[in-house]
Amino acid sequence: CSPCLGPWKGQWNGSVSRAPICGSYCDAWFEACKSVPLCAANWQTDFVRNTTTGYSVCRNTTCQTFATLYRDGRGLCETMWGDSFVYHEDDSNCMKMMFDIEEATCPTVNSVLGSLSAPILVILFGIANLY
């Protein structure tokens, strides 16, 4: 969804692999949602398409809370989208999911690896038809 994700292009069209995501973002998201029930831990593999309705539905019919499924912010961000993201303790040179395109900047791979200083990368990310 963001042109900034090119360095972390995944194996299939539109995917990312091991892109750095800011730990503080993951931790805040986890804290805000830790008591919310979900039926899927990994949103890439734990849903199946209902051929009658066209909607994606959970493989597992038992819901568990974010706290049970993920344990913490690291677990959330490193599990929810498979290997798409890697939790970064340091909040520089990593991504935060936001919907404000005005704030988007793109660091280079080298900056994320620590050889250059770069601003936080902002990505636009949407998930549709996940019920």
For this session: Might you point out which heavy atoms bring Phe47 and Ser56 nearest each other, and give the distance in Å?
Result: CB-CB, 4.1 Å
Problem set entry | Gap separating the NZ atom of Lys34 from the CG atom of Asp27, nearest 0.5 angstrom | 11.0 Å
For this session: Could you tell me which non-hydrogen atom of Asp91 sits nearest to which non-hydrogen atom of Gly23, and how far apart they are?
Result: OD1-N, 3.4 Å
Problem set entry | Reported SG-to-CH2 distance for the pair Cys58 and Trp43, which is rounded to 0.5 angstrom | 9.0 Å
Exercise. With a cut-off of 6.0 Å (strictly less than), are more than 12 heavy atoms of other residues, nucleotides or ligands near CZ of Arg18?
Worked result: no
Problem set entry | SG-SG under 2.5 Å, Cys63 vs Cys39 | no
Seminar exercise, completed: CE (Met80) and CH2 (Trp29) are apart, to the nearest 0.5 Å, by 4.5 Å
Show which side-chain atoms of residues 71-78 pair as donor or acceptor with protein atoms under 3.5 Å away, not counting sequence neighbours.
from, atom 1, to, atom 2, distance (Å)
Asp72, OD1, Arg74, N, 3.3
Asp72, OD1, Gly75, N, 2.8
Arg74, NH2, Glu89, OE2, 2.7
Glu78, OE2, Tyr87, N, 2.9

Problem set entry | From CA spacing to verdict: side chain to side chain donor-acceptor pair (under 3.5 Å), Ser84, Gln44 | CA-CA 10 Å; Ser84 296; Gln44 291 181 333; 3.2 Å; yes
For this session: Check whether any side-chain heavy atom of Val86 sits under 4.5 Å from a side-chain heavy atom of Pro20, and report yes or no.
Result: no
Problem set entry | Spatial distance of atom OG (Ser17) from atom NZ (Lys9) [nearest 0.5 Å] | 10.5 Å
Problem set entry | Leu69: side-chain contact (heavy atoms from CB on, under 4.5 Å) partners, not counting sequence neighbours | Leu38, Ala41, Gln64
Problem set entry | Inter-residue atom distance Tyr70.OH - Cys26.SG, 0.5 Å rounding | 11.5 Å
